[in-house]
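Here is the structure we will look at, set down as structure tokens.
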Amino acid sequence: MSEILAVKQGIIESIKKAATEAQQAGKLPSVPLPDISIERPQKAEHGDYASSLPLKLARATSLNPLNIAKSIVSFMPKSEEIAEVSVAPPGFINFRLSTGWLTKQVDNILEQQKSYGNITKGNGKQIQIEFVSANPTGPLHIGHGRGAVLGSTLANVLDAAGFKVQKEYYINDSGNQIVSFYRSLYSRYQQCLGIDTEMPAEGYFGSYVTDLARELIDEHGDQFLKMPREEAESKLGKLGLEKMLLKIKESLEALRVNYDCWFSESSLYENGQYDKVMAMLKQSGYIAEKESATWFVSTALGEHKDNVVVRSDGTPTYFATDIAYHYNKFITRGFDTVIDIWGADHQGHVSRMEAVVGALGIDPKRLKVIISQMITLKRGGELVKLSKRSGDMISLAEVIEEVGVDACRFFFLCRSADSQMDFDMELAKKESQDNPVYYIQYAYARIASIFRLAEEKGIKYDDGDVSLLKEESELTLIRSMLQLPEIIEMIANTLEPHHLTYYAQELATIFHSFYKQCRVVTDDVDMTKARLKLVASAGIVLDKTLGLMGMSAPEKM
RNA sequence: GCGCUUGUAGCUCAACUGGAUAGAGCGCAGCCCUGCGGAGGCUGAGGUCGUGGGUUCAAAUCCCACCAAGCGCGCCA
């Protein structure tokens, strides 16, 4: 367990103990105590942590909250970590950490190195996170990029929080869209070989399909023309699909996103899982035949309408396979928690998915669906829709290439998932002070630069005495570093990784301010060593934070 | 029409999930280099938290109504 979380827990327990003792001593009426929590006050003068318990007890005890606070505080045990416990109107109890304990945490961070910030909350529980999962019928676009960054960052954080995380991409490799893609590709293939033919009406008209057809001609020639149409479509299509998938993987890798598992939709049919799950639903009475189709009776579970699982032509819908897929996640593979990240256009799918998970006998709370809102691409305030080069929707790969990975990741991450966002490529590219990406990385580069100087001067600081750190800006820096475990805990609870970007900026700001106020390498050998320790620990925390966001920590810029 | 999400400083967004005087960045007005990287630091101005009710000791946060925007409401995925 992280030191700071242990201290926090200790404070909570001491409040509980003090309140109970106050009650036993007759200083406080014996009313039931609510769940005690402490929070971080927004003003530094209010200390490091605060409890509003007295305010919550005011009504039940019909006492002045300030007096309740005083009674509780008088029973508060002393501890090494806490320097001061005070009472503030209208009825808060404020706690201030001792500087001795604070400075010791510098050594603690140095010991823990890269594992600093990690917590044990997850206890090795298995959690699966599925994200992007775009149809392999075309290149990824910017919206997928947002989901990719969201998912991979969340996976990093959950891993740091002690969960066993598995990242997965669901490949929709069967169904209507695939058939349509196969047909489109075959038409383009024929056209490229001089055959006058038409594209299917519901086809994929992007120029990338033609590019794909040309690549396949280069590699395989015109052999598919000699086959019966159906065979040609299928064989050529499969090759095209593989290529498309490869391009998708490349785009994701360029964004520093990788997966533990690429799960094929069609495997659900091949291994009989689909049939099994449908039979289960039928047996429990959630399946009905009407209008010559097969329906999942979601209205029985409070939904507004039923949903088709098998069309009247006998083919299963996307929803049907998704049911089997989630059965596979929860039952076959036994994940404790499953996180799905979907785009806003899938929002209507959420409630029926939760309903069907419940119908399969799985607690729907174990399924967490994150909807990431739409993202619009801009360039200097102007809306960008099409790529100048291909005329298609601008691809994720193009955006990454133009803007750079670090900036892409940061900007995709910095808004909460449920707020729509504009992604301005000009702004993201601008390597100036109005770009927080460089501001944060610059803090790290400054740290690296300090160590280059220290090394040049041959300074060793292993025996530095951190208790010399007493300046306000030094202690503020330590306090900021101590927040990382709490941030990780919060994100693991809320599944909102955008908080990391704000934390990173705040940590960088506090470091820059410290840097201005306290010169590190000076003639004062002892102070130099102590500050080198402080700076080293700041480097660890900054590196860890950037790492969680999938960003690089450059030694030089 | 129904459902989900959003509405906070001139702009883009936070607000530890109900707490203290609502905070950052950009922009704006100023100030700071005989020192480790000025891609920096420090001040300041700027708010009826969409509107109106309600719950609470306490509401940007919870509930209701309304207004506005995005997405969805297919035997598409």
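As the structure is a prediction and not an experimental result, all values here were calculated from the model. Chain identifiers are assigned alphabetically (A, B, ...) following the order of the sequence lines, protein sequences preceding nucleic acid strands; residue numbering begins at 1 within each chain.
Remark: A/Y439 is in phosphate contact with B/rG41, judged by side-chain N or O atoms under 4.0 Å from OP1 or OP2. The phosphate of B/rA14 (OP1 or OP2) has a side-chain N or O of A/S419 nearer than 4.0 angstrom. In this model, the phosphate group of B/rA58 is not approached by any side-chain N or O of A/S52 to a distance below 4.0 Å at OP1 or OP2. Between A/K56 and B/rU56, a side-chain N or O to OP1/OP2 separation shorter than 4.0 Å is absent. One finds a side-chain N or O of A/H499 lying less than 4.0 angstrom from the OP1 or OP2 phosphate oxygen of B/rA15. Look at A/R446 and you'll find a side-chain N or O under 4.0 angstrom from OP1 or OP2 of B/rG38. For B/rC76, the OP1/OP2 oxygens have a side-chain nitrogen or oxygen of A/N176 closer than 4.0 Å. An OP1 or OP2 oxygen of B/rC36 is reached within less than 4.0 angstrom by no side-chain nitrogen or oxygen of A/H512. An OP1 or OP2 oxygen of B/rC42 is reached within less than 4.0 angstrom by a side-chain nitrogen or oxygen of A/S513. Between A/R311 and B/rA77 there is a side-chain N or O to OP1 or OP2 distance below 4.0 Å. Applying the 4.0 Å criterion to OP1 and OP2 of B/rC57, one finds that A/R59 has a side-chain N or O inside that range.
Side-chain atoms of A/D173 come within 3.5 Å of backbone N or O of A/S266 as a donor-acceptor pair.
Across all strands shown, B/rA58 forms no Watson-Crick or G-U wobble pair with both key distances under 3.5 Å.
Contact annotation: side chain of A/Q347 to base of B/rC71, donor-acceptor pair present below 3.5 Å.
Ring centroid separation for the pair A/Y169 and A/F263 does not come in under the 6.0 Å cut-off.
At a threshold of 4.0 angstrom between heavy atoms, the contacts of A/N94 include nucleobase atoms, whether or not backbone atoms are also involved. Nucleic acid contact class of A/A58 (heavy atoms, under 4.0 Å, all strands): none.
Rounding to whole angstrom units, CD1 of residue A/I36 and P of B/rG19 are separated by 17 Å. Counting to the nearest Å, the P atom of B/rG40 and the CZ atom of A/F514 are 18 Å from each other.
Picking from B/rC75, B/rA20, B/rC73 the nucleotide with the shortest atom distance to the side chain of A/S312 gives B/rC75. Comparing B/rU6, B/rC36, B/rC75 by their nearest atom to the side chain of A/D418 picks out B/rU6.
The aromatic ring of A/H46 stacks onto the base of B/rA20, its centre lying under 5.5 Å from the centre of the six-membered base ring with the two planes under 30° apart. Residue side chain A/F92 meets the stacking definition with respect to B/rA20: its ring centre sits within less than 5.5 angstrom of the base's six-membered ring centre, and the planes differ by less than 30 degrees.
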